[in-house]
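Since the structure comes first, as structure tokens, the remarks are kept for the end.
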Amino acid sequence: MAEPIRVVVTGAAGQIAYSLLYMVARGEVFGKDQPIILHLLDIPPMVGVLEGVVMELADCALPLLVEVVPTTDPAVGFKDVSAAFLVGAMPRKEGMERKDLLSANVKIFRTQGQALDKFAKKDVKVLVVGNPANTNALVCSSYAPSIPRENFSAMTRLDQNRATSQIAAKVGVPISAVNNIIIWGNHSSTQYPDAGQGKVVVNGAVKSVVDAVNDASYLQGAFVETVQKRGAAVIAARKMSSAMSAAKAACDHMHDWWNGTAPGKFVSMGVFSDGSYNSPKDVIFSFPVEIKNKQWKIVEGLTLSDFAKSKLSITGKELQEEKDEALSVLDSNVSNL
């Protein structure tokens with residue numbers, strides 16, 4: 001049996017974590033022969049709920065789960081972890097401006113970045129799920145200078161899964177028949193779900209999604225809007241935000257980062273931009289990536305339509321604005337110290 005690895009989940013008493021912890025502890029992310037020590041980090045008011053989660057994990061009798069460490073102390077939560085799911089964030093409340101949300105989250109992710117820097121393994125893989133995920137990941141990384149910045153990513157896999165599911169339903173094929181659907185930019189309503197590079201297997205033959213769907217107005221209209229607004233649609237129906245699907249997407253993201261992507265297949269990850277595809281540099285921007293040996297690489301050389309380029313420009317502008325706002329919040333916090 002392999003040596004156990006330590007994995008932290010923040011916001012561990014919350015809705016997303018409730019599904020996520022089970023999937024991780026079952027071996028769906030790091031492998032069916034990889035023992036796990038789970039660190040569950042949450043805020044002091046959630047301690048009672050956290051105790052209940054610990055009981056349930058024990059009652060699942062999961063063979064790979066060696067130990068569970070519930071804590072409210074980031075020093076304990078991030079100690080020697082090899083992977084971090086940063087789920088806990090201040091949720092957006094009704095009437096709250098994005099700036100207010102950024103301000104609250106900057107403080108949370110500064111603390112977590114500092115704790116990662118001090119206590120986590122230097123090759124830790126950090127996935128930010130809590131929104132605004134791209135900018136939270138940027139803030140977190142900036143406070144963990146000893147950890148390579150390519151080890152920080154934001155989750156756009158939920159959007160990719162949503163988009164893939166829409167295309168599979170439209171063409172009338174199983175989910176497994178569709179691949180290489182891309183999410184560009186921010187995990188927000190400006191993201192660009194792009195089926196232009198997608199492939200689909202229909203009756204045993206590989207076709208482009210564009211040819212299989214054969215409806216440009218759908219691919220540039222209803223498809224994009226459905227994916228962009230899916231989170232809001234779930235909230236309207238369920239009266240709570242996406243939890244099960246978000247947990248599944250976090251597992252998919254970390255699984256592929258850990259184990260790699262199949263040749264010719266790519267996945268969407270929010271990663272530090274090097275300016276590829278005219279994106280703003282040094283923001284966390286969602287790109288198509290290929291992964292080998294736990295290292296992601298942006299897929300280069302894809303041909304984008306003018307429509308796609310215009311969408312990338314909009315989401316890039318929003319990310320640059322968010323970054324500037326986050327930096328101004330950080331500056332005002334520093335001057336208040």
Taking atom types as modelled and ignoring hydrogens, do the side chains of R162 and S242 form a donor-acceptor contact shorter than 3.5 angstrom? yes
More than 12 foreign heavy atoms under 6.0 Å from CD of E3: is that the case here? no
Crowded around F119 CZ? As in, over 12 foreign heavy atoms under 6.0 Å? yes
Between Y143 and Q112, is a side chain to side chain contact (heavy atoms under 4.5 Å, CB included) present by the stated rule, with each step listed? CA-CA 8 Å; Y143 281 96; Q112 295 187 352; over 6 Å; no
Just checking, any donor-acceptor pair under 3.5 angstrom between side chains of N186 and E322? yes
Between the main-chain N or O of N131 and the side-chain N or O of N105, is there a donor-acceptor pair closer than 3.5 Å? yes
Under 3.5 Å, is there a donor-acceptor pair between the side chain of N179 and the main chain of K265? no
T226-Q166 side chain donor-acceptor pair, cut-off 3.5 Å: no
Find out if a path of hydrophobic residues (ILVMFWY) with successive side-chain heavy-atom gaps under 4.5 Å connects I16 to W257. yes
Which Ile, Leu, Val, Met, Phe, Trp or Tyr residues join F272 in one cluster when any pair of side-chain heavy atoms under 4.5 Å counts as a link? L138, I284
Counting only heavy atoms from other residues, nucleotides and ligands, does the tally under 6.0 Å from CE of M244 exceed 12? no
In short, A212 meets V200 closest at the heavy-atom pair CB-CG1, 3.4 Å
Is it true that the side chains of S146 and K122 contain a donor and an acceptor less than 3.5 Å apart? yes
A side-chain contact here means heavy atoms from C-beta on lying under 4.5 Å apart; do K323 and T135 qualify? no
With a distance cut-off below 6.0 Å to the six-membered ring centre and an angular limit of 45° from the axis, does K170 pair with Y218 as a cation-pi contact? yes
Regarding T261 and D256, is there a side-chain donor-to-acceptor distance under 3.5 Å anywhere? no
Quick one: does Y277's side chain have a donor or acceptor within less than 3.5 Å of a partner on G301's backbone? yes
Cation-pi check, K294 onto W258 ring (under 6.0 Å, within 45° of axis): yes
Would a 4.5 Å heavy-atom cut-off, applied to side chains only, mark D194 and K311 as touching? no
Does Q191 use its side chain to pair, donor to acceptor, with the backbone of S188 at less than 3.5 Å? yes
Give me the ring orientation class for F285 and F287: parallel if the planes are under 30° apart, tilted from 30 to 60°, perpendicular past 60°. tilted
Could you tell me whether the side chain of S141 and the main chain of R149 form a donor-acceptor pair under 3.5 Å? no
Members other than V47 in its cluster, when Ile, Leu, Val, Met, Phe, Trp, Tyr link by side-chain heavy atoms under 4.5 Å? none
Give a yes or no on whether the backbone of V8 and the side-chain of H39 come within a donor-acceptor separation of less than 3.5 Å. no
Under 3.5 Å, is there a donor on one side chain and an acceptor on the other for T71 and D73? no
Check the pair E300, S276 against side chain to side chain contact (heavy atoms under 4.5 Å, CB included), reporting the backbone distance first and the verdict last. CA-CA 8 Å; E300 297 292 357; S276 293; 2.9 Å; yes
Between T164 and Q160, is there a donor-acceptor pair closer than 3.5 Å when you use the side chain of the first and the backbone of the second? yes
According to a 4.5 Å side-chain heavy-atom criterion applied to Ile, Leu, Val, Met, Phe, Trp and Tyr, with indirect links allowed, do V209 and Y192 form part of one hydrophobic cluster? yes
Do Y22 and E56 meet the criterion of a side-chain donor-acceptor pair at a distance under 3.5 Å? no
Within 6.0 Å of NZ in K32, more than 12 heavy atoms from elsewhere: yes
Is the backbone N or O of R157 less than 3.5 Å from a side-chain atom of S268, with the two atoms forming a donor-acceptor pair by type? no
Please check this pair: side chain of N293 against backbone of Q295, looking for a donor-acceptor N/O pair closer than 3.5 Å. no
Hey, are the side chains of C251 and L20 touching, using non-hydrogen atoms and a 4.5 Å cut-off? yes
Between the main-chain N or O of K107 and the side-chain N or O of T111, is there a donor-acceptor pair closer than 3.5 Å? yes
Measure across P35 and V66 and return the closest heavy-atom pair with its distance rounded to 0.1 Å. CB-CG2, 3.6 Å
Honestly curious: do I5 and V68 fall in one hydrophobic cluster under the side-chain, below-4.5 Å linking rule? yes
Assigning hydrophobic clusters by single linkage (Ile, Leu, Val, Met, Phe, Trp, Tyr; side-chain heavy-atom cutoff under 4.5 Å), is L116 placed with V69? no
Verify the distance criterion only: is there a donor paired with an acceptor across the side chains of S241 and Q15 at less than 3.5 Å? no
